Amino acid sequence: MFVINPNRLLNLKEYGILIPLLDKRFIECTNWVHNNIDKSYIHILEEPMPLTRGELELCHDSEFINNLFDNPEKEIVRTFELIDELGNYYRYDPNIATRPLTELVDRISSHIRGSLLTTELALKHDFAFFMGGGLHHSMTFGGRGFCLINDIVLSLRILQQQKRINTAWVIDVDVHKGDGTAEITKDDDSIITFSIHMKKGWPLVTPEFDPKGNQYPWYIPSNIDVEMEVGQESQYLKHLEDSLNQLKNQYPLPDLVIINLGSDPYEKDELDSSQMINLTLEQMKQRDRLIYDFFKQHNIPQAYLMSGGYGDYAHEPYMEFFSYLNEQGTFQ
Ligand SMILES: [Zn+2]
């Protein structure tokens, strides 16, 4: 099943935010699906409702939630990093905004219904893929790194609340660490997190203690982390395979897995902060097949979220993955 939110396309400039987010990945992937997959396997999200306060409370604290409703500017500025070190607006000009920031919060919040629906459809059909979502940097206390609300943990906790699942794994292969997901679930044994990411760069990955023995505040471990140094691409697939086996040996198999399938480890990705892992298209193909085959073999329902992927070529790894799924008879 593919889940598509036609309302995903958004022009941040209408809200005064001057970040040129490219929609090409979404458009190319959506077109591919419409042209190659029978429409009975495509679910179009019709006017989804923003999340309720009760739903948000499953993974965020009350100060953040109050701000989302009463002071959205504060949370958008923090999430999209719109203030520079001197305290001036950066990439943000409220004077050119033609739409209110509360509306932007509602659009992001309602978009996340797609992530939730994708996990529900995965339980029913064993496989579902959302053309969006994967806001893995969002933490208990608020948004970071363009990620406002953590749709990954939120979707899992809603399913747990409804008693549709007990346990889940999160497999995060975006080039950036799934630090928000790890932070929110740090005391939650029912959600096991794995992240393979760049060792250096953003978000900062620190050791647990500084030289004086004090704990670093940004030390946020997943259950299993693999930190890749520059130039280690040839070892990536081996690390991934070993980690999946390690998860299997250390934890009971889950009722559901969410795969945060960022395409930003791809060598043609154009975001400056994703340049420390550069996998070829062939390696990206192998990455996605390895994950899909592993969970298929173990009969675990798989829900995919797109997460990061930037520039003119960010859609290419997904096309390869979708073609593989098609060859496997996933949509028959
Ligand atoms: Zn990323």
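Please read these numbers as outputs of a predicted model, since none were measured by experiment. When a ligand or atom number is given, it counts from 1 through the structure's own listing order.
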Is it the case that over 12 heavy atoms from other parts of the model lie below 6.0 angstrom from the [atom1] atom of [X]?
{"X": "Asp272", "atom1": "CG", "value": "no"}
{"X": "Asp70", "atom1": "CG", "value": "yes"}
{"X": "Glu47", "atom1": "CD", "value": "no"}

Exercise for the section: Not counting sequence neighbours, list each pair that qualifies as a salt bridge (Lys or Arg N to Asp or Glu O under 4.0 Å) and has a residue in residues 171-182. Expected result: Arg144-Asp179, Lys177-Asp225
Among the N/O/S atoms of [X], which is closest to the Zn ion (ligand 1)? Give the atom name.
{"X": "Asp264", "value": "OD2"}
{"X": "Asp174", "value": "OD1"}
{"X": "His176", "value": "ND1"}

